[in-house]
Protein chains: 2
Amino acid sequence: MKKTNARERLLGTAADLFTERGYGAVGINEIIAKSETAKASFYHHFPSKENLCLTWLEETHARSDTRHDAILNEPGDAEEKVIHYFASLKEWMKTKDFRGCPFTNTVSSLDKASPPISEQIELHKLSIRDFFSALAREMAPAGSASRRLGTTFFLLYSGATTEAQNLRSNWPIDAAVESVRHLISASKEASAKA
Amino acid sequence: MKKTNARERLLGTAADLFTERGYGAVGINEIIAKSETAKASFYHHFPSKENLCLTWLEETHARSDTRHDAILNEPGDAEEKVIHYFASLKEWMKTKDFRGCPFTNTVSSLDKASPPISEQIELHKLSIRDFFSALAREMAPAGSASRRLGTTFFLLYSGATTEAQNLRSNWPIDAAVESVRHLISASKEASAKA
DNA sequence: GACGAACCATACAGACTTGTCTGTTGGGTT
DNA sequence: AACCCAACAGACAAGTCTGTATGGTTCGTC
């Protein structure tokens with residue numbers, strides 16, 4: 001039943017609990033209890049709760065990053081890729097009971113500022129923006145217009161995630177998809193006119 | 001020095017501390033100490049910390065709502081009103097040290113679900129969307145297009161707030177304004193063509 | 001077979017949390 | 001004068017939190 005590795009068990013249950021209720025609302029006592037691990041083992045692998053959080057965010061970011069690379073290298077239309085990305089966000093929200101972005105939630109829930117965590121969050125957010133920018137560049141190669149388009153996708157994605165969490169509903173994501181669709185077709189018309 | 005009313009003092013310092021560090025990271029001991037109030041007086045006016053939070057959100061929402069009404073009844077161009085609203089968000093972020101929406105932050109920082117607080121947050125968010133929808137209706141009276149436009153403004157506003165907090169910078173808000181400007185001019189062209 | 005790493009259980013320190021309780025002070029009203 | 005009520009101070013309960021310390025067990029490798 002137990003995974004053999006105590007470190008993996010700790011990270012796994014910490015990931016579950018942090019995404020479920022947020023960094024601030026979960027104590028290490030609960031983490032070690034749910035992962036069936038001794039407290040001494042926890043402090044053997046992690047110097048502090050904050051470092052556990054950092055490690056969790058790093059691993060989450062790494063997974064997200066390789067997924068973005070895979071999507072970009074995949075064959076297929078950039079427009080479809082963007083729409084599909086929003087669709088998978090809907091799935092995520094449904095399975096995670098409408099808790100939004102782990103990174104954003106961690107920022108809100110941090111009691112005191114922690115430079116390494118803040119840096120990791122910035123890194124992650126900028127990489128998401130870059131992902132959308134790459135897709136935008138693919139579908140509207142004209143310079144300044146595609147730059148704005150990518151950032152607009154990014155902001156719509158962030159807003160949709162935030163408000164789906166606040167309103168405990170997926171309609172903001174559907175609305176964001178509608179906006180994205182409209183933006184794409186409008187940009188096509190503009191480039192056809194030029 | 002002290003305001004005469006203990007209740008007002010408590011609400012004021014609670015508002016400051018909650019917006020500064022979030023609901024979860026602030027205890028009532030700190031609130032009563034900073035407001036120079038006895039603990040017994042606190043529990044005389046508020047049944048619990050959670051109720052204090054609810055009251056704070058209610059008052060914040062009420063202020064926001066009357067401000068929206070004032071803006072809508074003001075003379076002036078709807079387009080300028082939207083842009084100006086984003087500009088005042090930039091001011092807010094600067095003075096509040098890049099802490100984002102109090103309502104969104106409270107959702108992330110809540111340890112356990114609280115129905116009255118969740119309802120208050122939904123109410124507030126829907127009222128912001130309605131505000132943007134009213135402005136969109138003013139500048140593009142065509143039915144379905146203005147509906148989408150208002151929701152797009154709302155999502156861009158939310159995303160800009162969230163990411164300005166995450167990245168501790170105002171560039172997401174500037175980018176959102178650029179997107180809004182582009183959307184408005186595109187919608188003008190579309191209605192001119194029809 | 002010996003060494004060391006990883007793991008286990010458990011007790012503890014010290015500071016923190018929300019909320020309760022007792023008792024006092026002082027101004028305003030009846 | 002009697003009463004009410006807001007506000008005060010401060011101790012207390014019962015529990016939480018992170019992190020440390022002690023000591024014992026299992027297991028792979030030299």
Side-chain angles (χ1 to χ4, degrees), chain A residues 1-57 59 105-106 108-118, chain B residues 1-57 105-106 108-117:
Chain A
M1 197 84 290
K2 285 186 182 179
K3 289 179 218 143
T4 45
N5 197 336
R7 200 189 124 100
E8 294 303 310
R9 257 180 296 150
L10 287 163
L11 258 175
T13 61
D16 290 347
L17 292 173
F18 284 161
T19 55
E20 217 176 277
R21 306 214 309 280
Y23 171 73
V26 177
I28 57 162
N29 288 326
E30 188 180 354
I31 293 174
I32 62 171
K34 287 235 165 69
S35 65
E36 296 176 81
T37 309
K39 188 177 270 198
S41 304
F42 173 83
Y43 281 100
H44 176 74
H45 288 289
F46 302 97
S48 65
K49 183 193 174 191
E50 191 179 296
N51 182 275
L52 171 69
C53 176
L54 179 60
T55 308
W56 164 56
L57 292 178
E59 299 212 342
N105 285 334
T106 299
S108 303
S109 147
L110 268 183
D111 40 351
K112 58 190 191 311
S114 160
I117 290 184
S118 299
Chain B
M1 195 86 292
K2 286 184 184 183
K3 288 180 217 142
T4 46
N5 198 336
R7 199 187 123 101
E8 295 302 312
R9 257 181 296 148
L10 286 163
L11 260 175
T13 62
D16 290 346
L17 292 173
F18 284 162
T19 56
E20 214 176 282
R21 305 214 311 278
Y23 172 72
V26 178
I28 57 161
N29 287 326
E30 187 179 354
I31 294 173
I32 61 170
K34 286 236 165 70
S35 65
E36 295 175 81
T37 309
K39 188 175 271 195
S41 304
F42 172 84
Y43 282 100
H44 176 76
H45 289 289
F46 302 96
S48 65
K49 183 193 171 188
E50 190 179 297
N51 182 275
L52 171 69
C53 176
L54 179 60
T55 308
W56 164 56
L57 291 178
N105 285 334
T106 299
S108 303
S109 145
L110 267 183
D111 41 349
K112 58 190 194 309
S114 162
I117 290 184

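Every chain is numbered from 1, with letters handed out A, B, ... down the list of sequences.
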_Cationic tip of K49(A) above F42(A) ring, under 6.0 Å, 45° of axis_ = no
Among dA7(D), dC8(C), dA11(C), the one nearest any side-chain atom of K39(A) is dA11(C)
When rounded to whole Å, the OH to C1' distance for the pair Y43(B) and dC5(D) reads 21 Å
I32(B) atom CD1 is separated from dA7(D) atom C1', nearest whole Å, by 13 Å
Value for CD1 (I117(B)) from NZ (K112(B)), rounded to nearest 0.5 Å, stands at 8.5 Å
note: R7(A), atom CZ; dA6(C), atom P; distance rounded to Å ~ 11 Å
Distance col, row K39(B):NZ vs I32(B):CD1, nearest 0.5 angstrom, shows 5.0 Å
To the nearest angstrom, the CD-P distance between E30(B) and dC16(C) comes to 11 Å
Within residues 46-55 of chain B, the residues having a heavy atom closer than 4.0 Å to DNA chain C are S48(B), K49(B)
So OG1 of T13(B) and CD1 of I31(B): to nearest 0.5 Å the spacing works out to 6.0 Å
When rounded to whole Å, the CG to C1' distance for the pair L10(B) and dC8(D) reads 13 Å
What one should report as the nearest heavy-atom pair of S109(A) and G22(A) is OG-C, 4.4 Å
Taken to the nearest whole Å, NE2/H45(A) to C1'/dC8(C) is 12 Å
- prompt: Do any side-chain nitrogens or oxygens of S41(B) fall under 4.0 Å of OP1 or OP2 in dC8(D)?
  reply: yes
Quiz prompt | Any R9(A) side-chain nitrogen or oxygen under 4.0 Å from OP1 or OP2 of dC8(C) | solution = yes
Those residues at least two apart in sequence (or on a different chain) that pass salt bridge (Lys or Arg N to Asp or Glu O under 4.0 Å) with E20(A) are none
Rounding to 0.5 Å, atoms SG (C53(A)) and CZ (F46(A)) come to a distance of 11.5 Å
Assert: residue with more 5' nearest nucleotide on DNA chain D, out of I28(A) and A40(A), is I28(A)
Here the distance between atom P of dG19(D) and atom CD1 of I31(A), to the nearest Å, is 11 Å
Rounded to whole Å, NE2 of H44(B) lies from C1' of dG10(D) at a distance of 18 Å
message: Under 4.0 Å from OP1 or OP2 of dT16(D): is there any side-chain N or O of N29(A) that close?
response: no
